[in-house]
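Below is one structure, written out as C-alpha cells, with a few remarks after it.
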Amino acid sequence: MSSCAFCDHFPSRRVRFMSEVRVASDRRWWALSVLSITQLIVVLDATIVTIALPYAQADLGIRDADKQWVFTAYTLMFGGLLLLGGRLADYVGRRRILLIGLVGFAVASLVAGAAVSGGMLFAGRALQGMFAALLAPSALSLVSVTFTQAHERARAFAVFGGVSGAGFAIGLIGGGALTQFVSWRWCLLVNTPIVLATAAAALAVVVRDVPVRRVGGYDLPGVVFVTAGLASVVYGFNRAAQAGWGAASTVTLLVTGVCLLLAFVAIEARVANPLLPLRIPGEINRGGSFLVALLIPIAMYAVFLFLSYYFQETLGYSPLKAGIAFLPFPIGIVVSAGVASRLLPQVGPRVLMLAGALLGAGGLIYLAQLRVGDTYWAAVLPGEIVIALGMAQIFVAMQATALYGIDDHDAGVASGLLNAVQQIGASIGTALLTTIAVQVSERYVLSHPPSPDLPAHAAIHSFDIGFYWGAGFFVISAIVIAVTIRVRRLDLVTESDRQAAMPV
C-alpha cells in the first residue's frame, strides 16, 4: 500500500502525514537560505576589502610591494584547497564540514580584523581562504542533494546562483559603506557575528547528511599535487599582475603549476580511489560548464576592475558612492535569477546560457563606448543592467549543468571543482586585464601630444579596451556553450519528478 493510500484509509494519519511533509519542505527552503548566506559570505569576502585596502595599508604601514597579499593570501588558500574541501565534504559529511568552515571563518575574520601588522592581516586572510575552501563546495553540494525535483532544483539554483553573481557587487557596496562610516577593520570583523549566527541557523535547519562510504585509502598524492598545482597557478597569475607576464617568477610559477596539474591528472587516471574521478569533468555537458565557469569570471573582472577605477579616480566618487554605483548588479541579478528559475525547466540550460553570454557581451560593448565627460546614468547604468540580467541566466543554468548527472557521493568534489575553476578564472582576469590596461594606457600617452587632460583620456581608453576584452570572453563562452551544452529540458527531469507525477 502506498503512503497516500494508507493516509486515505486513515484520515487522521493523512493530516499528520501531510503536515510532516510541509514541515520537511519548509525546512529545506530555510536550509537554502542558510546555504545561500554561506555562499554570499564566501563571494563577497573576495571583494569587500577592495575599497578598504588603501586605508588598511596606511593604518598598518604595509608597503606597496606587499599590499597585494591582502588578496593573494585569500585566493591562494581558497583556490588551492577547494578540491580537497569538496572531497572532505563527501567523506566526512557536508553539514559537518559546513559547520567547521563557518566557525573557522568566524575566527579567521576576527584575526584579520584585529590585525596589528601587515603579517597578521595576511595570515587572517589566508585562514579565511582556507575555511572558505570548506564552505563553498559543502554549501553547493548540499543544495544539489537537498533539492532533487527539477522545478525545485531550478528555483534553488536560481537563489544560489543569484547570490553568487550578486556577491561581488554586494562586497563592494558593503566595503564602501563600512570603510566610510566605521572603519576598514569592520569589513572583516562584520563577518564574525554574521557567520556565527549562520552556523547556529545551520544546526537548526540543515539536515545531517550521511557521509559517503569510503572504500580504500585517501588519495594523498592527488591531494598534494592538485593543491600545490592550483596554488602555483593562482599565485602565478597574481604575480603576472604585479611583475608582468615575462617575469621569471611568473613563468616559473605558471609552468610549475601546469606540470603539477598534469601530474595530478595522470595520478587520478591510475589510482583506485581518486580525489577527482575524471568522469566528472569528462562528461561533455559538465566539461563545458566548467570551461564556462573559468571564462565568465575573466569577463566579469573587466566590469568590476575598470568600473571601480572609473568611479573613484575619474568621477571622484567616495567609497560609499562607488559601492552604491554597483547596486544595479545585485538587483538585476536577483530579478533575472527569478525569471531564470521559471525558464530553466521550460527551455533547458543551453538557451539560458547562450542568452546570458550574449547579453553580457552586449553590455560590455556598451560600456566600451565610454568617453571623457560621460555621466554614470547614460554611459554606465544601462550596460550594468544588461550585464546583470545576463549573468543570472548563466549562473543558474551553469550550476545545474555542472552538477548534471552527478551521484550524491561525488557532489562535494564536483562542487569544489566548479568553485576552483571560477577562482582560477578570477585570478586570470585580474592579471590579464590589469596588464592590458597598463600597457594600453602607456601606449596612448606615448602616441598623443602632452595636454592637461591626457591622463584622463588614457585611462578611459584603457578601460574601453578592457571592456572589449571582457566582451570577447563572453563571446568565447557563447561558442563553448553552443558546442558542449547538450542537456535537453527533459533530461533535467529527475526520478523524483517522475514519481511525483505518477498517480497514487
I want to check something: taking the side chain as every heavy atom from C-beta on, are Ile460 and Thr314 in contact at a cut-off of under 4.5 Å?
yes

Nearest 0.5 Å, please: how far is OG in Ser289 from CD in Gln399?
10.0 Å

Report yes if the side chains of Leu454 and Tyr444 come closer than 4.5 Å at any heavy-atom pair, otherwise no.
yes

Quick one: pull up CZ in Phe78 and CZ in Arg125 and give me the separation to the nearest 0.5 Å.
11.0 Å

Rounded to the nearest 0.5 Å, what's the gap from CG on Leu98 to CG on Leu102? Could you check?
4.5 Å

Does atom CH2 (Trp186) have a neighbourhood of more than 12 heavy atoms from anything else shown, all under 6.0 Å?
no

Where is the tightest heavy-atom contact between Thr250 and Ala243, given as atom of each residue plus distance?
OG1-CB, 4.4 Å

For atom OH of Tyr376, is the number of surrounding heavy atoms from other residues, nucleotides or ligands below 6.0 Å larger than 12?
yes

Minimum-distance pair of heavy atoms, taken over all atoms of Leu367 and Gly383
CD2-CA, 4.2 Å

If you define the side chain from C-beta out and look only at heavy atoms, does anything of Gln39 sit under 4.5 Å from Val143?
no

Using every non-hydrogen atom in the two residues, find where Thr227 and Val223 come nearest and quote the distance to one decimal.
OG1-O, 2.7 Å

So Leu134 and Phe105, do their side chains get closer than 4.5 Å, heavy atoms only?
no

Rounded at 0.5 Å granularity, tell me how far CG in Leu417 sits from CZ in Phe290.
4.0 Å

Asp374 vs Arg371, test: salt bridge (charged side-chain N to carboxylate O under 4.0 Å, His left out). Steps then yes/no.
CA-CA 6 Å; Asp374 283 344; Arg371 297 293 181 267; over 6 Å; no

How far apart are the C-alpha atoms of Leu432 and Phe473, what are their side-chain angles, what is the distance that settles it, and do they pass the side-chain contact (heavy atoms from CB on, under 4.5 Å) test?
CA-CA 12 Å; Leu432 177 63; Phe473 280 103; 3.7 Å; yes

Under 3.5 Å, side chain of Ser441 to main-chain N/O of Val438, donor-acceptor pair present?
no

Ignoring hydrogens and angles, tell me if any N or O in the side chain of Ser138 forms a donor-acceptor pair with the backbone of Leu135 under 3.5 Å.
yes

Closest approach of Ala392 and Ala337, non-hydrogen atoms and distance?
CB-N, 3.4 Å

Taking Thr192 for the side chain and Ala106 for the main chain, is one N or O donor matched with an acceptor at less than 3.5 Å?
yes

To the nearest 0.5 angstrom, please state how far the CD1 atom of Ile173 sits from the CD1 atom of Ile324.
7.5 Å

Has Gln57 got a side-chain atom pairing as donor or acceptor with Ile62's backbone, closer than 3.5 angstrom?
yes

Measure the acute angle between the ring planes of Phe306 and Phe467, then classify it against the limits of 30° and 60° as parallel, tilted or perpendicular.
perpendicular

Between Val195 and Ile41, does a side-chain contact (heavy atoms from CB on, under 4.5 Å) hold up when you go through it step by step?
CA-CA 8 Å; Val195 172; Ile41 291 166; 3.6 Å; yes

Plane angle bin for Phe463 and Tyr309 - parallel if under 30°, tilted between 30 and 60°, otherwise perpendicular
parallel

Flag the pair Phe237 / Thr75 as yes when at least one side-chain heavy-atom distance between them is below 4.5 Å, and no otherwise.
no

Taking the ring of Trp29 and the ring of Phe147, is the distance between their centroids below 6.0 Å?
yes

Going through the checks in order, is the side-chain contact (heavy atoms from CB on, under 4.5 Å) test met by Leu403 and Phe157?
CA-CA 11 Å; Leu403 300 179; Phe157 278 140; 4.0 Å; yes

Are the side chain of Thr256 and the backbone N or O of Leu253 linked by a donor-acceptor pair below 3.5 Å?
no

Short side-chain to backbone donor-acceptor contact, Gln393 and Ser336, under 3.5 Å
yes

To the nearest 0.5 Å, atom CG of Leu291 lies from atom OG of Ser477 at 7.5 Å

Could you check, using the six-membered ring where one of them is a Trp, whether Phe311 and Tyr317 have ring centers closer than 6.0 angstrom?
yes

Closest non-hydrogen contact found for Leu140 with Phe160 is CD1-CE2, 3.6 Å

Less than 4.5 Å apart, side chain to side chain, heavy atoms only: is that true for Phe474 and Ile296?
yes

Evaluate the side-chain proximity of Val233 to Leu261: yes if any heavy-atom separation is below 4.5 Å, no if none is.
yes

A side-chain contact here means heavy atoms from C-beta on lying under 4.5 Å apart; do Ile436 and Ile465 qualify?
yes

Heavy atoms of Glu384 and Phe326 approach each other most closely as OE2-CA, 3.9 Å

Show your working on side-chain contact (heavy atoms from CB on, under 4.5 Å) between Arg95 and Val207 and close with a plain yes or no.
CA-CA 7 Å; Arg95 180 175 178 265; Val207 177; 6.0 Å; no

